[in-house]
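Contents: one structure, followed by commentary.
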Protein chains: 2
Amino acid sequence: MNIYDLAREAGVSIATISRVINNHPQVSEKTRKKVNEILEKHNYTPNAFARGLVIKSMKTIGVLTIDIRDLYYATVAYTIEQEFSKLGYSVILCNTGGNTQKKINYMKMLAEKNVDGLILVGSVFKDKKLNKAISQLAKNIPIVMVNGFLEAENVYSIICDDSYGIAMCVDYLYKKGHKDIIYLQDAKTYSAQAKSEGFSHGMIKNNLVLTPFSILNVKKGLKGGYHAVEHLITCKQNFSAIIAGEDITAVGAIKKLKELHKQIPENIAVIGFNNSIIAQCSDPELTSVDNKIETIGIGAVRILNDVFEGRNVPSKTVITPNLVIRKST
Amino acid sequence: MNIYDLAREAGVSIATISRVINNHPQVSEKTRKKVNEILEKHNYTPNAFARGLVIKSMKTIGVLTIDIRDLYYATVAYTIEQEFSKLGYSVILCNTGGNTQKKINYMKMLAEKNVDGLILVGSVFKDKKLNKAISQLAKNIPIVMVNGFLEAENVYSIICDDSYGIAMCVDYLYKKGHKDIIYLQDAKTYSAQAKSEGFSHGMIKNNLVLTPFSILNVKKGLKGGYHAVEHLITCKQNFSAIIAGEDITAVGAIKKLKELHKQIPENIAVIGFNNSIIAQCSDPELTSVDNKIETIGIGAVRILNDVFEGRNVPSKTVITPNLVIRKST
DNA sequence: AATTAAACTGTAAGCGCTTTCAAAATTTAA
DNA sequence: TTAAATTTTGAAAGCGCTTACAGTTTAATT
């Protein structure tokens with residue numbers, strides 16, 4: 001069933017059909033009603049390809065995340081999807097696993113599909129090849145980077161000030177009397193980079209000793225935190241507090257600490273990041289940095305929509321996190 | 001830059017351009033090479049609308065989940081996306097919040113966008129209105145239901161035998177000497193329905209007493225489990241084991257049990273469902289039913305692809321779960 | 001060298017829609 | 001009642017691609 005069939009049945013031209021479908025005002029009430037009845041009757045849905053060919057928009061945006069199974073990305077993606085859905089857009093979701101080539105392939109595919117915009121969530125720090133691809137693509141499609149940054153035409157960033165978030169943790173722990181603080185870094189993203197910097201700054205600012213051993217590179221996930229503590233103990237390193245780049249890493253650390261019969265927070269304080277449900281599941285409940293995931297998701301959508309509608313948009317938006325204090329500190 | 005521009009530049013016809021883009025064999029090596037060079041040079045990407053208009057396929061499928069922030073749905077969606085990506089398809093993700101009308105709206109939108117197929121993850125049990133919409137839509141688009149079932153033309157199901165999964169838990173607990181077992185049900189999906197049935201069957205099979213209080217309806221999430229235990233205690237109900245419909249619910253229950261200084265598993269045994277990362281984060285680590293999420297996701301993609309390629313597909317596929325035993329029992 | 005077959009390329013139609021421009025119908029003004 | 005202004009409608013072009021069919025070139029066969 002297409003526009004021609006409908007036109008024939010209604011005894012009008014295809015132009016008229018098109019007009020009522022698109023709510024153009026210059027159609028008489030009478031014909032509008034007649035056409036609408038026929039549309040209803042056939043439960044007609046216009047062909048998006050044909051329409052897209054003319055309009056050049058599919059009302060679709062692409063979202064690239066690293067791995068949707070990670071609650072952080074899931075929440076960002078969820079928020080974006082819900083917000084865009086309100087605006088009549090749908091989102092194509094891509095899981096890149098953080099792989100640059102995969103990202104580029106996805107971007108190319110999305111370009112072919114003529115998405116109206118692109119949101120990249122979580123970028124590797126200073127990925128030259130990717131950045132080139134992004135600036136290239138941005139010539140045709142507006143791009144928003146969530147927790148990533150790139151100076152280029154038609155690309156916009158919205159980031160959480162993760163650096164400040166971690167610095168806040170250091171301040172807080174310092175006030176509680178902690179001197180030997182360890183930071184567990186678990187990724188090499190733009191965001192992870194910021195966190196490390198925030199840690200260093202926080203330590204220095206409070207005149208705490210920052211050694212090359214203060215920052216520990218660990219694997220993602222439970223095991224990362226678990227093995228980190230193991231390592232700290234075998235190396236006989238002194239520490240009274242641990243800050244982890246993600247809640248799950250913190251929980252892994254807690255697990256090992258408990259096995260070693262350390263009391264939390266009496267012997268060792270632990271702080272996580274993301275303020276996810278895991279922080280609440282943890283025993284003891286985990287103090288964690290709330291990095292405002294929903295705010296960021298909503299912001300990303302807003303930015304893109306503003307661009308669509310020709311409004312002026314700052315190329316960088318920064319959101320301030322805050323510390324949620326629970327039982328682990 | 002379109003096919004005409006390219007044709008002019010290459011000194012060939014648009015048909016030839018199209019042929020090399022689509023790897024048709026009947027193009028001479030010489031012209032193929034020449035055209036490819038020009039394609040490269042302009043970094044040309046064909047217009048998917050125009051192509052879709054002819055081919056009637058966008059190489060896109062729609063996935064409806066309840067809430068991607070739930071790890072279960074995230075994992076299903078992730079698996080589906082990755083598998084389809086290998087086949088050259090992209091997926092449009094929709095979060096319905098379990099709302100029937102929203103589901104129907106999404107389905108209509110996806111139909112307009114001419115998705116090649118649809119996967120519905122997690123259906124409410126016996127939702128008449130939705131089922132009607134599904135059978136209607138399936139006339140045009142093949143639909144796969146994950147953990148849902150509907151007898152209709154062109155709709156296929158892949159489900160985990162959740163009923164058996166819970167029955168297994170009962171068997172296991174019975175062998176461990178438990179008699180008073182409580183089941184915490186937290187949803188009204190097809191899957192939740194199956195779980196309750198499995199519980200009842202398991203209890204009866206083992207000649208255990210099944211009272212109306214054996215099955216407790218609780219809210220989703222941590223609090224559901226927490227309040228459930230609270231309720232059991234205030235009602236002075238006798239129980240030595242709890243089976244929860246989801247890991248997070250089990251963790252909530254554990255939390256309250258600990259507050260009441262109950263030893264787990266010595267005083268009370270607890271079992272979760274989904275075998276998610278939460279089961280590993282829990283302290284003690286949670287025994288949980290592995291409902292084979294990846295297997296199901298891969299299966300769903302396979303089914304849809306088989307349909308696309310005209311192969312014969314059974315209308316119902318059942319996957320058997322298994323019990324992962326950890327420290328909580 | 002002439003004929004036939006095979007390989008390659010081009011023309012043109014059509015996918016289903018939006019939109020411009022002109023024509024027809026209606027309303028308003030004179 | 002007629003002319004002018006306004007509202008409503010329709011014809012046709014074009015969006016960028018695929019593909020059937022016809023035409024042209026090249027290779028193979030006699």
Side-chain angles (χ1 to χ4, degrees), chain A residues 1-39 42-60 88 108-116 140-141, chain B residues 1-39 42-60 88 108-116 140-141:
Chain A
M1 176 67 49
N2 63 25
I3 238 191
Y4 288 89
D5 301 326
L6 296 168
R8 200 175 314 118
E9 186 164 340
V12 298
S13 76
I14 58 163
T16 301
I17 302 285
S18 175
R19 287 194 187 100
V20 348
I21 290 171
N22 295 289
N23 285 312
H24 285 229
Q26 70 270 44
V27 179
S28 72
E29 243 351 281
K30 205 174 108 201
T31 53
R32 180 184 301 280
K33 189 157 163 264
K34 183 174 62 182
V35 170
N36 268 325
E37 270 166 17
I38 292 176
L39 292 181
H42 293 286
N43 195 17
Y44 169 79
T45 57
N47 180 312
F49 295 144
R51 166 178 270 168
L53 196 52
V54 180
I55 308 286
K56 285 159 182 21
S57 158
M58 185 69 155
K59 285 267 180 187
T60 301
K108 176 152 188 176
M109 185 179 81
L110 292 169
E112 280 181 29
K113 296 203 169 162
N114 278 285
V115 292
D116 300 292
N140 301 313
I141 304 171
Chain B
M1 176 67 51
N2 62 26
I3 241 196
Y4 287 90
D5 302 326
L6 296 168
R8 201 174 316 118
E9 186 165 339
V12 298
S13 75
I14 58 163
T16 301
I17 302 284
S18 174
R19 287 194 188 101
V20 348
I21 290 171
N22 295 289
N23 285 312
H24 284 232
Q26 70 269 44
V27 179
S28 73
E29 244 349 283
K30 204 174 109 203
T31 51
R32 179 184 302 279
K33 187 155 163 266
K34 183 173 61 180
V35 170
N36 268 327
E37 270 166 17
I38 292 177
L39 293 182
H42 293 286
N43 196 18
Y44 170 79
T45 56
N47 181 311
F49 296 142
R51 167 178 269 166
L53 195 54
V54 180
I55 309 286
K56 284 160 183 19
S57 157
M58 185 70 154
K59 285 268 181 186
T60 301
K108 178 155 185 174
M109 185 180 82
L110 292 168
E112 282 182 28
K113 296 202 170 162
N114 277 286
V115 293
D116 300 291
N140 301 312
I141 304 171

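So that the names make sense, note that chain A is the first sequence line, chain B the second, and so on, each numbered from 1.
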Please state how far atom [atom1] in [X] lies from atom [atom2] in [N], giving the value in whole angstrom units.
X       : N      : atom1 : atom2 : value
A/Leu53 : C/dC17 : CG    : C1'   : 8 Å
B/Ile3  : C/dT11 : CD1   : P     : 14 Å
A/Lys30 : C/dA25 : NZ    : P     : 12 Å
B/His24 : C/dA7  : NE2   : C1'   : 16 Å
A/Ile55 : D/dG14 : CD1   : P     : 17 Å
A/Arg32 : D/dT8  : CZ    : P     : 9 Å
B/Ile14 : D/dT19 : CD1   : P     : 12 Å
A/Glu29 : C/dA25 : CD    : P     : 21 Å

Any base atoms under 4.0 Å from [X], or only sugar-phosphate, or nothing? Heavy atoms, all strands.
X       : value
A/Ile17 : nothing
A/Ser18 : base
B/Ile21 : nothing
A/Phe49 : nothing

Query raised in the report: Is a donor-acceptor contact shorter than 3.5 angstrom present between the side chain of B/Tyr4 and the base of D/dC17?
Result: yes
[X] side-chain N/O to [N] phosphate OP1/OP2 under 4.0 Å:
X       : N      : value
A/Asn22 : C/dT18 : yes
B/Thr16 : C/dT9  : no
A/Ser28 : D/dT7  : no

To the side chain of [X], which of [options] is closest?
X       : options                : result
B/Val27 : C/dG16, D/dT18, C/dT9  : C/dT9
A/Asn47 : D/dC15, C/dT9, C/dC17  : C/dC17
A/Ser13 : C/dC17, D/dA11, D/dC17 : D/dA11
B/Arg19 : D/dG14, C/dT9, D/dG10  : C/dT9
A/Ala15 : C/dC17, D/dG16, D/dA11 : D/dA11
A/Gln26 : D/dC15, C/dT9, D/dT8   : D/dT8

Query - Residue whose nearest DNA chain C nucleotide is more 5′ - B/Thr31 or B/Lys56 - result: B/Thr31
Requested in this report: Could you say whether B/Val54 or B/Val12 is positioned toward the 5' end of DNA chain C, judged by the nucleotide with the nearest heavy atom to each?
Outcome: B/Val12
Report summary line: Rounded to the nearest 0.5 Å, the OG1 atom of A/Thr31 sits from the CG atom of A/Asn36 at a distance of 9.5 Å
Report summary line: CE (A/Met58) and OG1 (B/Thr60) are apart, to the nearest 0.5 Å, by 6.5 Å
[X] (side chain) donor-acceptor with [Y] (main chain) under 3.5 angstrom:
X        : Y       : result
A/Asn2   : A/Asp5  : yes
A/Lys113 : B/Lys59 : yes
A/Asn47  : A/Phe49 : yes

Query raised in the report: If you take all heavy atoms of B/Ile17 and B/Ala10, which pair is closest and at what distance?
Result: CD1-CB, 4.4 Å
